[in-house]
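Each chain gets a letter, A, B and so on, in the order the sequences are listed, and its residues count up from 1. Just the heavy atoms: all of them, side chains too, but no hydrogens, waters or symmetry mates, feed the values below.
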Amino acid sequence: MNKTALIIGSGTCAKDLAETLAASGVSVLVAGVDGCAPAWGPGRTPNEASALLEIMDGAKIRFITGTAGGFTVEFADQDRRIRREVRDILIAEDPVPQVNGSLYGLTEGAGVVSLSAFKSMLNPDSGNSEAFESLSRVAFLTGALDESLPLIARDVMQAALDLQQNKGVQAYIFTGNLKVAGQGLETLSRNAKEAGVIFIKNTERPPEIVQAGDESITITYPDEVLRRPSVLNPDLTVVDETPLPSPRLKTLGDLFELETGPDGFLQADNIHRLLTFTNRKGIRVVGPARGVFPPVLIASEIAHTALSLSRTKDAETDEKNKARIETGKCVRCLTCVRICPYRAVALAPRPVIAAAACEGCGICAAECPCEAIAFDTFPSTATTGAVEPESEAGGNRSGASDFIPHVTVFCCSRSAVPARNMARAMNGGFPEGLSFIDVPCAGAVSRLHLLNALSNGADGVLVVGCHPDNCHSGGGTLLARGRSDGLKMLLPRLGVAHDRLAFKNLAANMGAEFSQVLEAFMAHLESLGPNPMK
Amino acid sequence: MENQSVIALNALDHGRCRPWPFLQDFCLTCGICAGACPASGVDGFDPRKLVRMISLGMEDETVSERWPWICTMCGKCANLCPMEIDIPGLVQKIRSRRRREEVPGILHKGLEAALETGNNLRLPKDDYVFILEDVAEEIAAEPGFEGFTVPIDKTGARILTTIHNKLVNTHTEDLKHWWKIFHAAGEDWTVPSENWEGTNWGYFTGDDAAMKTMTSRIAGHMERLEIDTLLWPE
Amino acid sequence: MAQNRVLVVGSGIAGLTAALDLAEAGVFVDVIDQYAFPGGQGIRLSCKATDTCVKCGACGVDDRLGNALKHPHIRLMTGSGIQDVRKDNGFNVRIRQAPGFVDPNRCDDCGICLSACPVEGGILQGTSGHHRPFYAVNESACLYVKDKSCTACRDACPTGAIDLDAAEKTESIHAGAMIVAAGFSIHSPFEKPYGYGVFPNVMTSPEVETVLKRRARLVRPSDQSEPDRVAFIQCVGSRDAKLNHLWCSGYCCGFALRTARLLRHRRPQMHTTIFYIDIQTFGRTFDAFYKETRESVRLIRSIPGDIYPSENESLKITYLEPDTGETLQEDFDLVVLSVGMIPPAGLEALSKTLGLRPTPEGFLGDGNGIKPAGVFPAGAVTGPMTLAEAAAGGAGAAWQVLRYLKNSQR
């Protein structure tokens, strides 16, 4: 099988990633989604592993098929169509810095420059030293209106320190909250102050910055320490830049059906995706493609990716926990194709589940209208609720009545199961009457599971899943809650109190809450009495 | 009440006070100094504000304001400041920059009196001794304190103590609290007959030379009377 | 065969991430931790989710620990420390493991030992479902270990799971490389003017985490009641030249904002106030989170200077009101000190043993110019950082170790 990794990116991150991988013996193909691959310009050649590094310049990515371990990528290079097989896809697109001039109502020009431009001016090789002779006051704006970042604060403080110490020009840093969470930042701020840099912080009222017709700047602000209005006319104003997700990421996200974060970067804001994972096995996002991170962190990500990809043996596929579509029952509604968060259902031409990409969450099985999807280790919808509850001696019961409710608790393997283990350890056990059914994801619990549990003898049914944004399957927990909420509306028509069914969000480290949820639910069921459906 | 005039940064020389040794430029503006200060908010005093004004180079304005004179020099601010800024030192420096005729209230007049006569009130020696002995007699008349006398200039005593000028002026009764404790404890103590002033308004007015003179006098008593321990309540 | 074996010192998020990455690459990993329970500081954190996850990363530690315990290439040893190291085509490391007083096959986590023990901190309790057994005898506090004067836990244990005469173990490991992921310790703020250790209702952030973890509610130490007015004081022991702690500890703003928000969500009648200097960024949607949190949590941009006892063991705090310049006094039922990170206990000794040189602040930094071959620091031991950064650091170190092992084979 082809072990090539496809790197999609047009800037320095893609280059660094490509060189690191090639140096570790991984075959690399580098391309840009719109044809723009990173340029190894004259004077900078890829390192000696260039035999492993192929650059496809000018070829646009049209689509991909296949799954983890075996993707087929189709490129369009003018009229030609090129197909390549790759094992892994890595997206490493540099950010697009947005100069924050307009945020402050400023236009770049003689009196206003971006931080990058100013850093170039400071660079001794730029031959710009005379430019500083005419300056006596320079103002830096970072996070004075919205929040800055440690990465940017570092650059600003370094530039201000350089200016103050080496060019003899007075620097002022205007900010809201000074960002110092990062290696060496507190010391850097101290060194800047020692050199004479003045820090001006605002909390509620940002500075008013006016750019006159002659390009002169007036900054008026209430000094919060002196509680007096203050005015500064800097000779030069430096505005910071916010790194934004490249527009290429949207194209890639649509093309590859990848989750997008709330900030537009190509990774869900979900800790399960750390460091470089996406919802699709075999496709990763690195560095500025997934968020705004300092160079040290990006270097670690590149290292981590190289380590994973340079494995010579592929991770074993556990066939037992994969979904299987039973073709006799499948009516090709394509629900599974659409709902799979991992895009693991291919059409070939009937829906078929790609084992390499399937993460065994069970959402497809729960959604399939024909119950055509099976798992070997999955709870059967028919028998839930009929299982005899475990008898344990621990935990707390209100003991208010002799009636011991039989409660079926569906436990998500990632949150409820570890929480349950913690709860059991903390309390030395659970009260009688509980049947725990472990599921890979709360999204695997179908309406039939819930209804059958109630009609098979459970007095109450509880589903415990991860919090939204912490679900490994992305939306599994939301689906589960939706099913539960919908069913609760129907239960009264069956003569069953709607609150015999409950859904709770918990995390893996919430042992105390797990116990409390159980206790409260059981106490409530005790007051409701036995299930009339029994 | 507080100065509301606009601060024109362009007109300031921020480097003006930078050579001062008080570390004021490291301020985080955390405000812990003002949070601990018993005088913060009183008549416009605010230790954090003072630190920033010096950092910006606003020396002239600070010297001319009255609020830097509100500070009691208790030192809670310096004790807590995470950047180790010597705020009382700053206060003293500002005060020292002011012309002596413009030192508020009686502080400088009292200091001049003390430099010339050994006490803020210009109280003659005879009158001073008379007052002390008068109070001692009153104590001796109380049961349990028979035979009480006030030891003045006693060589080789264990403790020398100073006297705050108000204790021989308007608050003579308060002397009794001290003296009864000494007596009950069987303490071997004494007070000087001259240069006995317990306050040091050289310290409060930022007049280092005067502060040194006042302190040297007390130290001089210790040497002259061969006493190792000083009790200086002020 | 040393080339395929690595020793990881520390089982926090950095150590676990490194161990898992190495194990997946076919390397055998011994992970040692000086404490009784694995998972470092991260495993002691409570979940701050309200309706949605707030991405603090704490449950990620549980996740990794669970995976590490199952992995056939990883061996985890708690209560263990390095006695000495010899360079010998790799490292010959002698490790001492504290006695396993509690038999995991007999212990059923009933907790009777904890109630029976007369010494505070003599019996330790776990904080995760992966901590089995859930109770451990604290070797350094145990009276039996000291002078055989007490057998209360052993006598009380209904399953006979406690053997107070269990012996320590020493073993030698031959490892091709080492990762130092020793994490950090927590500053104890006795020297601050907040009455820590004197007033019962003044707590540190880790103490709050422990209460939330065990009780799912925040209660006052004095009377176990839920407080109505809670103050958080930031930067206690951080950004402090006097203590020589010239760093921002990075985690505390996230802790205070998430915890205050959670408390208000669970108990809307509670008032929470955060006294701060500069709020630090965390997460990927910080602006929105910060804005939303400020609607229910009061933020005051000054640090209190004094504390006095008030009625019913409450505290009166004095602080500068930044807008008006007045110094105000206000009562709070509970005061939480967001304390800073400090270098981990034992780092000095460990550094000497391994030839590492901490920076003047005491963390390992970027090596400070000294990089002994085959030893790779990772995570918060290099300097204060968040869980996500420590995980990345562990991953980076694993990669460096693999390359080092490959190169030293030549």
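- In terms of heavy-atom pairs under 4.5 Å with chain B, the best-connected choice from A/I198, A/T220, A/V197 is A/I198.
- How far CG of B/N10 is from OG of A/S230: 11.5 Å, rounded to the nearest 0.5 Å.
- Atom CZ of B/R122 has more than 12 heavy atoms from other residues, nucleotides or ligands within 6.0 Å.
- Heavy atoms closer than 4.5 Å to chain A are found in both the backbone and the side chain of B/R48.
- If you measure heavy-atom distances from A/E194 to chain B, the contacts under 4.5 Å come from both the backbone and the side chain.
- Between B/R52 and A/D223, the closest side-chain pair of non-hydrogen atoms falls below 4.5 Å.
- Counting heavy atoms from C-beta on, the side chains of B/T29 and A/E224 never come closer than 4.5 Å.
- Listed here is the closest heavy atom pair of B/Q4 and A/R228: CA-CG, 4.1 Å.
- Atom CG in B/L23 sits 7.0 Å away from atom CZ in A/R190 (nearest 0.5 Å).
- Side-chain contact between A/I200 and B/L9: present, with at least one pair of heavy atoms (C-beta onward) separated by less than 4.5 Å.
- Both the backbone and the side chain of B/L28 come within contact range of chain A, with heavy atoms under 4.5 Å apart.
- The NE2 atom of B/H14 sits 2.5 Å away from the OH atom of A/Y172 when rounded to the nearest 0.5 Å.
- No more than 12 heavy atoms of other residues, nucleotides or ligands sit less than 6.0 Å from atom CD of B/E223.
- If you measure heavy-atom distances from B/S55 to chain A, the contacts under 4.5 Å come from the backbone alone.
- A/L226 has its side chain within reach of B/M58: a pair of non-hydrogen atoms, C-beta onward, lies under 4.5 Å apart.
- Annotation: B/I106, atom CD1; neighbour count of heavy atoms from other residues, nucleotides and ligands within 6.0 Å does not exceed 12.
- Counted within 6.0 Å of CD on A/E208, heavy atoms from surrounding residues, nucleotides or ligands total 12 or fewer; the atom is thus considered open.
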